[in-house]
Amino acid sequence: MIGLFEEINKLTLEKSEFCTHGKFCRAFLEKNPVITQKIIPYIETSSNCKSFHSKVMRIYTENHENEKRAILRKIEERSYNPGAIAFYAPLLEEANRKLTIKTYHELLSHIEENINEFPGILEILNNSFRQIHGNDDQEYIRRNYASYYIGSILYSKHELLRGRMEVLDLKYSSVVQDEYSKIGIDLKKEDAQFSKYSLLNLNSNISIYNNKDSQTIKDCRIDKYFWIDVPRKLLFTIEDLIKNKFISDISFRVDYVSDLIPIMEEMETGSPLKLKVSTLPKLSKFYSKENYGDNLWVRHDTVKSSLTFEELIEDFEIVGDDIITQVVHLEYALSNDEYLITHLDHELILYTLEEYEKRLSNPDSKGYKKIKTFKIDNANIPFYFKKEGEYFLFQVLDAYLKNTALISEYFEKI
């Protein structure tokens, strides 16, 4: 299917230039041969393939578990509003209803029931079909809707992985470099962090735009927004640390470049932190009570005065042939009986399968490549610095590591 989805991405789809649906839907409505002669027949002939069923259901379940988590976070964030629970209750109920679907055949039944209960779904698609072709074809849409729905699930996952691969390949570093070349700046010569790590260093020309979930930075000399992978809440805290002169040197990886920034809905979480730096053990490993395969490794190097947090989870992320883990690393110093964070960064660690199998039992085993999201140097951030009642370090871990329960368990035990 990967090759077929790449064919979809290469299509021009001029007939539906003004159609508001995504590219896969547009190709379906245009009755492009990639859809009608390849993808739909493939899905139909896979109707009895158990591995195909498992793949679709794994992606379907993951999508709606993420949807449910997002809704629960919104409810938590708006707990001060008496009407929040009532407002989000129908959305939560619908997400839970979708998660009751466990098998491929149950999903097909759900799709059929959905279009019978909400015929407007087909009407919307038919209206777009009419704009493209000048006539209706509800029979085509109705007959192939289930295959279109399944194809959409698989295509969305493909696009997610493709975007992740672009991040790992640092695709937009060259775009950023080109933007600076247009104004006569050789970024690799001007910015040591960009030359070494492909990170853009914050300076007097660059401002942070923390606009809900679209977190960007912008150089006043370039009319573009550079997107960074730092959640809104954490970025607010970083801005506060910069304002209070606890951070003087920070750089970010750019994952996308755009002319504008959209307005989105924020989804943020947070938890309390209990931390005594002086009592940290050299090595800790915590397991999830629900899943032994999920664990958090914390290394404390007393010589280098550093802490390294790495999360290994059973449902690990795979991009291409690589397994990806996330690491938060910091260095600290003691000044006037106060512990200060002097350096902190977030990294994606790439392992081969063989390297990852070794890493599961050996904390000294390493991946073959590191990619940084952001990096703070020459800082003096108090370990106990809080923003809106939450510790900075916990916000960093909570922003990137998936199993927040293990993070809470680690800090509460020490």
Checklist entry - Which is it for Thr352 and Tyr368 under the side-chain contact (heavy atoms from CB on, under 4.5 Å) test, yes or no, and what are the steps along the way? => result CA-CA 8 Å; Thr352 64; Tyr368 74 89; 4.1 Å; yes
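- No side-chain heavy atom of Ser251 sits less than 4.5 Å from a side-chain heavy atom of Leu200.
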Checklist entry - Please walk me through it: do Phe385 and Asp240 pass side-chain contact (heavy atoms from CB on, under 4.5 Å)? => result CA-CA 10 Å; Phe385 180 88; Asp240 211 19; 3.8 Å; yes
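- The side-chain heavy atoms of Phe194 and Lys188, taken from C-beta on, include a pair separated by under 4.5 Å.
- Taking 4.0 Å as the cut-off between side-chain N and carboxylate O, Lys182 and Glu179 count as a salt-bridged pair.
- Side-chain contact between Lys157 and Ile153: absent, with no pair of heavy atoms (C-beta onward) separated by less than 4.5 Å.
- In terms of heavy atoms, Pro382 sits closest to Glu338 at CB-OE2, 3.3 Å.
- Counting non-hydrogen atoms of other residues, nucleotides and ligands closer than 6.0 Å to CG of Asn116 gives a total above 12.
- Lys224 places a side-chain heavy atom less than 4.5 Å from the side chain of Asp259.
- Annotation for Leu234 and Ala399: closest pair CD2-CB, 3.9 Å, computed over non-hydrogen atoms.
- For the ring pair (Phe, Tyr, Trp, His ring centres under 6.0 Å) test with Tyr209, the passing option among Tyr225, Phe226, Trp227 is Tyr225; the others fail.
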Checklist entry - Leu170 and Arg253: side-chain contact (heavy atoms from CB on, under 4.5 Å), yes or no, with the steps? => result CA-CA 8 Å; Leu170 299 171; Arg253 186 188 72 224; 3.7 Å; yes
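- Glu311 and Gln326 are not linked by any side-chain donor-acceptor pair at a separation below 3.5 angstrom, with hydrogens and angles left out of the test.
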Checklist entry - Checking side-chain contact (heavy atoms from CB on, under 4.5 Å) for the pair Tyr384/Tyr339: CA distance, chi angles, key distance, verdict? => result CA-CA 8 Å; Tyr384 301 104; Tyr339 284 99; 5.6 Å; no
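- Within the structure, the salt bridge (Lys or Arg N to Asp or Glu O under 4.0 Å) test picks out the following pairs touching residues 104-122 (sequence neighbours left out): Glu112-Arg142.
- Panel note: side chain Asn144, backbone Ser147; no donor-acceptor pair is recorded below 3.5 Å.
- Taking every heavy atom of both residues into account, Leu99 and Lys102 meet most closely at O-NZ, 3.1 Å.
- Taking the six-membered ring where the residue is Trp, the centroids of His346 and Phe252 are separated by 6.0 Å or more.
- Remark: the Asn96 side chain and the Lys68 side chain contain an N/O donor-acceptor pair separated by less than 3.5 Å.
- Distance alone, capped at 3.5 Å, is enough to place a donor-acceptor pair between the Asn32 side chain and the Val34 backbone.
- Looking only at atom types and distance, the side chain of Gln395 has a donor-acceptor partner in the side chain of Thr237 under 3.5 Å away.
- No side-chain heavy atom of Asp377 sits under 4.5 Å from any side-chain heavy atom of Thr342.
- When all heavy atoms of Leu161 and Ile318 are compared, the pair lying nearest together is CD2-O, 3.6 Å.
- Counting only heavy atoms from C-beta outward, the side chains of Ile242 and Ile208 approach each other to under 4.5 Å.
- Counted within 6.0 Å of CG on Asp364, heavy atoms from surrounding residues, nucleotides or ligands total more than 12; the atom is thus considered enclosed.
- Of the possible donor and acceptor atoms, none in the side chain of His343 sits under 3.5 Å from a partner among the backbone N and O of Ala379.
- Taking the six-membered ring for Trp and thresholds of 30 and 60 degrees, Phe28 and Tyr148 have nearly parallel ring planes, at less than 30 degrees apart.
- The side chain to side chain donor-acceptor pair (under 3.5 Å) pairs that include a residue from residues 192-206 are Gln193-Lys375, where partners are two or more places apart or lie in different chains.
- With hydrogens and angles disregarded, no donor-acceptor distance shorter than 3.5 Å links the side chain of Thr308 to the backbone of Val328.
- Counting non-hydrogen atoms of neighbouring residues, nucleotides and ligands closer than 6.0 angstrom, the NZ atom of Lys218 exceeds 12 such neighbours.
- Between the CD1 atom of Ile39 and the CD1 atom of Ile150 there is a distance of 13.0 Å, given to the nearest 0.5 Å.
- Not one N or O on the side chain of Tyr356 forms a donor-acceptor pair closer than 3.5 Å with the backbone of Ile324.
- Here the closest non-hydrogen pair linking Phe374 and Leu199 is C-CD1, 4.5 Å.
- Taking a 6.0 Å sphere around CD of Glu93, one finds it holds 12 or fewer heavy atoms contributed by other residues, nucleotides or ligands.
- A pairwise comparison of heavy atoms in Tyr172 and Val254 identifies CB-O, 3.7 Å as the closest pair.
- Side chains of Tyr391 and Asp398: no donor on one and acceptor on the other come within 3.5 Å.
- Using a 4.5 Å heavy-atom threshold, the side chains of Ile228 and Tyr256 count as separate.
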Item to check | side chain to side chain donor-acceptor pair (under 3.5 Å) evaluation trace for Asp186 with Gln177 | outcome: CA-CA 7 Å; Asp186 186 336; Gln177 192 173 353; 4.7 Å; no
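- Side-chain atoms of Ser109 come within 3.5 Å of backbone atoms of His105 as a donor-acceptor pair (strictly under, hydrogens ignored).
- For the side chain to side chain donor-acceptor pair (under 3.5 Å) with Glu310, the qualifying choice from His329, Arg359, Arg299 is Arg359, the only one to do so.
- More than 12 heavy atoms of other shown residues, nucleotides or ligands fall within 6.0 angstrom of atom OH in Tyr145.
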Next on the checklist: Show, in sequence, the C-alpha distance, side-chain angles and deciding distance for Lys358 and Glu355, and conclude whether the salt bridge (Lys or Arg N to Asp or Glu O under 4.0 Å) test is met.
Outcome noted: CA-CA 5 Å; Lys358 292 179 181 178; Glu355 289 169 342; over 6 Å; no
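- The shortest distance between side-chain heavy atoms of Val56 and Arg58 does not fall below 4.5 Å.
- Residues that satisfy the side chain to side chain donor-acceptor pair (under 3.5 Å) test with Lys38, not counting sequence neighbours, are Glu7.
- There is no side-chain donor-acceptor pair under 3.5 Å between His64 and Asn66.
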